[in-house]
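The structure appears right after this line, and notes come after that.
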Amino acid sequence: MTNVPELFGSMVFNQKTMKDRLPKETFKALKKTLDNGEPLQLDVANVVAHAMKEWAIEKGATHYTHWFQPLTGVTAEKHDSFINPQDDGTVIMSFSGKELVKGEPDASSFPSGGHRATFEARGYTVWDPTSYPFIKEHTLCIPTAFCSYTGEALDKKTPLLRSMEALDTQAKRILKLFGKDVSHVATTVGPEQEYFIVDHELWSQRKDLRMTGRTLFGAKPSKGQEMDDQYFAALNPRIVKYMEDLNDTLWKYGILSKTEHNEVAPAQHEMAPIFSTTNLSVDQNQLTMEVMKKVAKRHGLECLLHEKPFAGLNGSGKHNNWSMSTNSGENLLEPGKTPESNAQFLLFLTAILKAVDENQDLLRISVASAGNDHRLGANEAPPAIISVYLGDELYSVLEALKDGKPYKADKQEKMTIGADVLPPIPKDSTDRNRTSPFAFTGNKFEFRSAGSSASIATPNTTLDAIVADVLKAFADELEKSADFEKSLNELIVREVKSHWRIVFNGNGYDEAWKVEAKKRGLLELKTTPDAVEHYLDEKNVKLFTEMGVYTREEMEAHYDIKLEKYCQLLNIEVNTMQEMIYKDILPAVYKYMSDVSKTVIDLKAVVPGAKAKAETSVLATLDSLTDALVEKSEALAKVHEAAKSCGDSLASAKAYAEKVVPAMADARAVYDEIEPLLGEGYKPFPCYEDLLFRV
Ligand code: ADP
Ligand code: MG
């Protein structure tokens, strides 16, 4: 049995370890950096580095690395050992403050969009002291932000920190209007992580899983998720062992792994941590994904983080629970108990409605990827249309405010902001709308469109920035007002009215919603290129630059990178698909056909006049299906070539989305007809049933 409190954070240089290991004065100085973002002086850094190294060596570390998050979306690390040669041929282990605070990895091979000139090859990493260093395997990992020498962010962390700062600044202005002088407002995030687990041996026999993380072929198994018997079901013993190991490892790294359960699809599971400050949550989610994969390998399993590993079954997402809270622990999305605190809550809520409505495109872009395109808009995940779910009670309150009516038929008086108390807003688990991309769940919003494999840095950077932008506009307006209460009332009613179209409490999977959303003028950006096309719209550049989150150059680079990555991913998928057709599928089918043909010949020799109807019929069917498969493969090759040679990255991405993706589906459909006809021993690779039900 694990002693959890003892294990928890044992590999993390957290505040307790800092306090235990650092001289009082040093700890005090470091605490100022941690709490107020004051820069770390080199003499302090030297003492911290020394203590950190001693601690790390005791835990078995020999190396250190600046752990950062380049625009690839995965983490990067280059290990350096602590060894320092001495004159007498020996080494000592050393680590300086300079090495702790700043690193200089070679950035030339990381994506930088078309901006290699601006984005100098050489960049540097700086420690983000608000995210604790930790030991992974034999390496001390120091969470860092990654910038170029000219100051452009080369990573996902820097803009995230900038967006948190923007939100902090603007939220404090708003709180000041309510008479509150807080020193810090941070956003908080709890990401629920979905994943699939399959057997390693079976996984290794499928090129598509190995190369692309998802199945490119595969007929529907006789049983899928239709029985709803998997969700929250008792765990199979192998999965129990896996989850135990996963939890132990996550706890060691100080990750607050809290909830685990089976998800809707067979072989699908979820882990949810307790929320923390956004930058920490982002770091920890990156580490969680890495740990999930490594631990699976230790158990002869594979963890699939792809958004859609299996057609016809639910895909995986990452529900991004998001809120804002002050340094004194006040959750700004918690409906209050007094008229005063309700007014404040309603203002923040209104800001979010406005931010989401005005920036549907940015939110959609923040979760756009080739993998996630399979999910958004299929009948399982939130639709590609962004809308906000409020729950019945809050919906009625806002509707009443907007229309100037009493919020309940039995109440005579209409509600006045700042004078009335809100009705209790239930954190009702029954009416939680699973189909909404952006749902209020009692004291936080849950952004459900994020994909399971992607970093949550970008969606959170976007959320923080768009909300900060609106809070700024609100603060600008309200600070000027002579009658705060009156202006506040007017502002809330006005903004709720003008952004009411974004509120949708109904079923997001319903086809009727698409029609309705269109009528309301909401965007439906179906594919990644459809979405990314809007990234550099003037409104978006203005917002991000004004909030100090991205520069125009950074955005131009992101635009290129997003499209490039989309095309590259699909290119790999097509190549894999073609190889599987010629190297795996056709040879397997030919072998089966040959054996059946021989059977017919043998049979006719033994039983004169035998008709061999069944055999001939299956042969004829397979003959025409193999023809069709080759035809579809050739058609795919043609549109693939065309997409590759578009020249312009947006045109290329669109060609992939509009021509290549459907051609891939066509080729797959033919194989999916072939698979059920083949004898068990003739399958080219493990089928869905093997993967999903043999763990
Ligand atoms: P569920 O949505 O399954 O009912 P919870 O509401 O308890 O579960 O929480 C889901 C996730 O939301 C958890 O990761 C939890 O820590 C996180 N969460 C709860 N409160 C907040 C908050 N104020 N800010 C961010 N995330 C939060
Ligand atoms: Mg939830």
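Computed from a predicted model, the values in this text were never measured in an experiment. Just so you know, these numbers use all the heavy atoms, side chains as well, and skip hydrogens, waters and symmetry mates. Indexing begins at 1, ligand by ligand and atom by atom, following the structure's order.
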For the residue pair Lys562 and Tyr535, would you count it as a cation-pi contact if the rule is NZ or CZ under 6.0 angstrom from the ring centre and within 45 degrees of the ring axis?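 Here Lys562 passes the 6.0 Å and 45° test against Tyr535.
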Counting each atom of ligand 1 from 1 as listed, which ones have a heavy atom of [X] under 4.0 Å away?
{"X": "Ser323", "result": "22 (C), 23 (N), 24 (N)"}
{"X": "Gly190", "result": "14 (O), 25 (C), 26 (N)"}
{"X": "Ile274", "result": "16 (O)"}

Taking NZ, NE, NH1 and NH2 as the nitrogens, is one of them in [X] or [Y] under 4.0 Å from a carboxylate oxygen of the other?
{"X": "Glu302", "Y": "Lys297", "answer": "yes"}
{"X": "Glu307", "Y": "Arg375", "answer": "no"}
{"X": "Glu546", "Y": "Lys472", "answer": "no"}
{"X": "Asp245", "Y": "Lys241", "answer": "no"}

**OP:** Give yes or no for whether the N/O distance cutoff of 3.5 Å, strictly under, is met between Thr188 and ligand 1.
**Re:**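 Looking only at distances, the answer is yes, because the N/O contact criterion of under 3.5 Å is met.
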Original post:
Heavy atoms only: which of Leu332, Asn321, Thr441 is nearest to atom 17 (C) of ligand 1?
Top reply: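 Comparing heavy atoms across Leu332, Asn321, Thr441, the nearest one to atom 17 (C) of ligand 1 lies in Asn321.
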For atom 13 (C) of ligand 1, which candidate among Pro273, Ser276, Ala272 provides the closest heavy atom?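 Residue with the shortest heavy-atom distance to the ligand atom: Pro273.
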Checking heavy atoms under 4.0 Å, the part of Asn331 that sits near ligand 1 is side chain
How does His319 reach ligand 1, by side chain, by backbone, by both or by neither, if only non-hydrogen atoms under 4.0 Å count?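 No part of His319 comes within reach of ligand 1.
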Q. Between Asn285 and Thr288, is any side-chain donor less than 3.5 angstrom from a side-chain acceptor?
A. no
